[in-house]
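Sequence lines set the chain letters: A, B, ... in the order given, protein chains first and strands last, and positions in each chain run from 1. Quick note: numbers below take in every heavy atom, side chains included, and nothing from hydrogens, waters or symmetry partners. Fair warning: this is a prediction, and the values are worked out from it, not measured in the lab.
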Amino acid sequence: MIKVKINGQEQSWDGDPDLPLLWFLRDEAGLTGTKYGCGQALCGACTVIVDKEAVRACITSINDVAGREVTTIEGLHPNGDHPVQKAWRQVNVPQCGFCQAGQIMQAAALLMDNPKPSHDQIREAMSGNICRCGCYQRIENAVHLASTGV
Amino acid sequence: MNFIDNPRKLRGFEKNIRVEKVSRRSILKGLGVTGGFVLAAPVMSRQALAYETGAGKMPHGVVVDPRVFVSVAPDGIVTIVGHRSEMGTGVRTSLPLIVAEEMEADWSRVKVQQAHGDEVKFGNQDTDGSRSTRHYLIPMRQIGASARTMLEQAAAKRWGVPATEVKAVNHEVVHSASGRKLGFGELAADAAKESVPSIESLKLKDPKDFRYLGKGQVGIVDLHDITTGKARYGADVRLPGMKYAVIARPPVTGGKLVKFEPDAALKVPGVEKVMQVRGWPWPSKFQPLGGVAVIARNTGAAIKGRDALKLVWDDGPNGKYESAAYRKELEEASRKPGLVLRQEGDADTALKGADKVIVGEYYIPHLAHVSMEPPVAVADVKGDKAEIWAPVQSPGGTREDVAKTLGIPEANVTVNVTLLGGGFGRKSKCDFALEAALLSKELGAPVKVQWTREDDIHNGFLHTVSVERIEAGLDKSGKVIAWRHRSVAPSIASTFAAGTVHQAPFEIGMGLVDMPFEIANISCENPEAAAHTRIGWFRSVSNIPRAFAVQSMVGEIAQATGRDQKDMLLQLIGSPRIVKPAVKDLWNYGEPFDSYPIDTARLRKVVELVAEKGEWGRKVPKGHGLGIAVHRSFVSYIATIVEVAVDEKGKLTVPRVDTAIDCGTYVNPERIASQIEGAAIMGLSIAKYGEITFKDGKVQQKNFDDFQVVRMDDSPVVTNVYIVPPGPDTPPSGVGEPGVPPFAPALINAIFAATGKRIRSLPIGKQLEA
């Protein structure tokens with residue numbers, strides 16, 4: 001039996017230990033905010049925070065996070081008012097919105113690590129997250145805004 | 001995305017289109033739609049809105065009925081139905097916002113409800129072809145005005161005063177003479193009893209009184225849900241007892257399953273069943289390809305199970321499709337005369353007598369949509385009833401196709417439209433919903449069919465592949481006196497009808513026969529090309545190759561004659577005029593030419609505006625260059641300037657993009673800007689990386705590592721958007737797609753300015769590396 005804390009709640013799994021965390025979250029735990037985009041850690045749509053680090057849930061097995069703390073978009077802030085989420089709304093970032101949970105989790109992890117990232121640091125840190133609608137300019141602006149106070 | 005009339009009209013290959021139109025209308029009458037106005041005729045109104053659109057010619061036309069689209073609750077909450085699909089354009093906000101504007105509803109007390117697929121009730125729902133605002137601005141205003149009038153009439157009756165003395169203002173009706181007021185909620189029950197006013201009697205608001213339209217201060221309705229993970233896409237639908245499925249499909253279009261061994265898959269923990277899925281022979285529109293489905297308790301197990309399947313395929317007639325050889329075929333075809341589509345003057349003779357002939361042969365490969373949400377659908381089929389939850393651009397078409405595929409009446413099919421995690425035309429095809437319906441029927445349980453990214457790239461409906469060859473003849477003074485454009489590409493129509501070798505009217509109407517330059521001798525030709533895979537609409541469709549070729553050629557002529565690109569462009573566009581349709585039945589994006597002519601004054605205007613705002617001719621650092629391109633598509637006019645920087649290793653970056661768009665009367669300039677910013681990035685993805693290739697009939701790319709798209713670190717640093725203020729009566733035109741076509745040629749022209757290298761084949765890939 002694998003035990004993992006997700007958004008502060010203890011969850012357990014006694015199925016295939018190799019099951020990607022992504023599918024455990026989405027299909028077993030019902031936390032569908034974390035998205036599938038590629039399954040190969042190429043697009044970042046499934047980004048979650050494990051302890052304090054952004055990871056791709058599609059290539060992280062449930063066994064890999066045993067005993068650790070996983071934060072998904074649903075658990076980032078109780079009212080959805082994390083500075084990154086507020087900045088996203090202020091800048092009107094999303095188009096279709098499908099990649100945005102992953103983008104927001106990546107940005108939140110970046111700001112934990114580097115509270116005042118530069119233009120180049122933002123562009124580099126966010127480059128693992130694809131947005132096919134092409135919201136990058138606004139994503140960058142929103143990360144700046146979140147880092148300077150919303 | 002997009003279309004003629006639309007994908008479903010391509011059933012014209014099975015039946016006569018004209019007959020079908022008639023029958024659709026009679027079906028409507030037969031069902032006796034009451035209580036509203038079903039407009040079979042193009043939308044018209046008297047108040048300075050005297051323009052027609054092609055809306056009435058879409059399947060099921062337009063429904064203008066406040067009782068269908070608006071409800072007011074006693075607590076004052078106004079619910080407005082959004083009947084188009086939201087894939088990122090903002091349409092789920094924009095259309096209800098138009099209703100709210102006209103009915104004087106306070107947006108903070110409005111809820112948007114997504115319509116299910118029902119075109120008899122809601123009118124056409126095909127969200128494609130950049131059509132929503134242009135077809136629905138007036139109908140939505142009329143719906144809002146009807147609702148407002150009914151509320152006003154109810155208040156006037158309550159107070160016993162003439163209706164002319166009362167006025168709806170910000171969610172209440174006011175009688176200013178007596179100072180009395182009643183909120184919309186208090187009037188809801190009475191207003192519902194009022195008869196729906198005739199369209200002719202409606203008085204629309206004076207645009208100077210608009211609070212929301214044209215202002216751009218309203219965020220999209222799903223903004224909070226998107227940022228908190230609550231927004232529900234097709235992939236997020238969960239039903240009690242639902243099974244999870246992935247399908248192994250034939251790797252070659254037209255291929256078939258020979259045999260399969262399920263044993264290893266069945267041993268994977270979580271896998272419950274392996275079953276064959278019915279496939280249709282190619283081509284068969286949007287019908288499933290067939291294959292083998294693995295059913296499991298979660299998607300991860302289903303994928304692992306599928307990996308363990310042993311499968312043998314018969315590759316069928318397209319097993320030899322190979323991109324390099326096919327390119328040669330297209331190139332050779334482009335060098336010989338083809339079906340002549342447009343002829344003015346005598347291009348052959350003029351080219352022979354020209355002082356100089358410039359030839360450009362341009363290649364644009366297949367592209368995959370790769371919307372961030374791969375195709376996915378949930379179906380629950382019980383007996384002769386089916387319910388679908390899916391991210392579809394065509395809910396009405398999905399309903400028709402599910403009914404047909406299952407052999408049940410359309411009335412028994414419910415299509416719930418979720419948010420779409422991107423569409424770009426891929427989700428105009430409902431094959432994934434049909435797969436889910438077939439599986440659910442056989443399983444007797446609800447099922448979700450999830451496409452993996454590899455499935456999306458391997459088994460999609462790709463953007464065509466084309467060679468566009470242009471020959472421009474110049475006289476001694478450098479004036480262009482002859483223009484011959486041959487376009488060779490497999491047609492989307494090949495996905496509907498076997499043996500198609502020529503492009504359809506809607507394809508040749510995208511920048512080929514409607515080319516607006518003022519040149520005396522013009523010939524547009526379409527040599528034959530047969531398809532070997534499924535071809536479909538991809539955001540802006542044939543405008544991608546056309547704008548790339550035509551606008552690159554403008555750069556080449558400027559280059560050959562030592563002129564400024566922008567001056568060359570304006571010279572070719574010529575005098576401000578209406579360009580008469582040069583072909584019979586010009587497609588014109590399905591719009592009447594009188595409302596949406598080819599207006600070179602507007603084309604010139606966007607060039608001049610972007611040149612001014614984008615500081616055309618500014619001094620740029622060494623290794624940088626500026627390029628410009630303009631294109632009319634989806635009846636909008638759009639011009640782009642790209643600044644490129646190419647370093648000594650040939651690595652290119654884009655420091656700045658400037659785009660001017662004239663899309664007529666607009667609703668939400670903030671969302672227009674976001675569409676154009678995104679189009680620049682999609683344009684850069686196409687130009688820099690976009691290429692799907694085939695070998696042995698199979699797509700060679702598989703995921704975002706070998707089918708790359710632009711990421712943040714190589715996206716344009718800044719994209720500026722300028723919107724041309726509309727004239728008082730300018731009809732609205734497309735926004736979702738038109739931003740894409742001019743980007744690649746503007747970039748290519750900029751690369752020439754920066755490096756002296758002329759790129760004629762996309763993607764750029766490693767061509768700039770020394």
Hey, which of [options] has the most heavy atom pairs under 4.5 Å with chain A?
options                                : value
B/Lys304, B/Met682, B/His224, B/Lys230 : B/His224
B/Val710, B/Asp714, B/Asp236, B/Ile681 : B/Asp236
B/Leu419, B/Thr452, B/Leu684, B/Val268 : B/Thr452
B/Glu677, B/Arg453, B/Met372           : B/Met372
B/Asp705, B/Leu420, B/Asn703, B/Val709 : B/Asn703

Reported NZ-to-OG1 distance for the pair A/Lys35 and A/Thr47, which is rounded to 0.5 angstrom: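 Going from the NZ atom of A/Lys35 to the OG1 atom of A/Thr47 covers 13.0 Å.
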
Reported CZ-to-OG1 distance for the pair A/Arg26 and A/Thr34, which is rounded to 0.5 angstrom: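 Output value for this atom pair is 8.0 Å.
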
Charged N-O contact under 4.0 Å between B/Arg671 and B/Glu86: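 Between B/Glu86 and B/Arg671 there is no salt bridge, as every charged N stays at least 4.0 Å from the carboxylate O atoms.
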
So, [X] versus [Y]: side-chain donor-acceptor pair below 3.5 Å or not?
X        : Y        : value
A/Gln121 : A/Asn114 : yes
B/Asp128 : B/Gln393 : no
B/Arg426 : B/Ser371 : no
A/Trp88  : A/Gln100 : yes

Structural part of [X] lying under 4.5 Å from a heavy atom of chain B:
X        : value
A/Ile130 : both
A/Gln103 : neither
A/Asp120 : neither
A/Ile122 : both
A/His77  : neither

Counterpart residues, salt bridge (Lys or Arg N to Asp or Glu O under 4.0 Å), relative to A/Asp27 (two or more places apart):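 With sequence neighbours excluded, A/Asp27 shows a salt bridge (Lys or Arg N to Asp or Glu O under 4.0 Å) to no residue whatsoever.
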
Leading residue by heavy atom contact count with chain B [cutoff under 4.5 Å; candidates A/Ala45, A/Ala101, A/Ala125, A/Cys38]: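 The option with the most such pairs is A/Cys38.
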
Min side-chain heavy-atom separation B/Ile303-B/Gln450 under 4.5 Å: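 Counting from C-beta outward, B/Ile303 and B/Gln450 never come under 4.5 Å.
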
Contact check, side chains of A/Leu111 and A/Pro117, non-hydrogen atoms, under 4.5 Å: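 Yes, at least one pair of side-chain atoms sits under 4.5 Å.
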
Aromatic plane relationship, A/Tyr36 with A/Trp23 - under 30° parallel, 30 to 60° tilted, over 60° perpendicular: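 Plane angle between 30° and 60°, so tilted.
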
Where B/Ala245 and B/Ile295 come nearest, the two heavy atoms and their spacing: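 Nearest pair, atom of B/Ala245 first, then B/Ile295: CB-CD1, 3.8 Å.
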
Minimum heavy-atom distance B/Met242-B/Val237, with the two atoms named: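 Smallest interatomic distance, heavy atoms only, reads CE-O, 3.4 Å.
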
Would you mind checking which part of [X] comes under 4.5 Å of any heavy atom in chain A, side chain (CB onward), backbone (N, CA, C, O), both or neither?
X        : value
B/Tyr233 : side chain
B/Ala235 : both
B/Val718 : both

Per-residue contacts, residues 58-74 of chain A versus chain B, heavy atoms under 4.5 Å: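 Near chain B, by residue number: A/Ile73, A/Glu74.
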
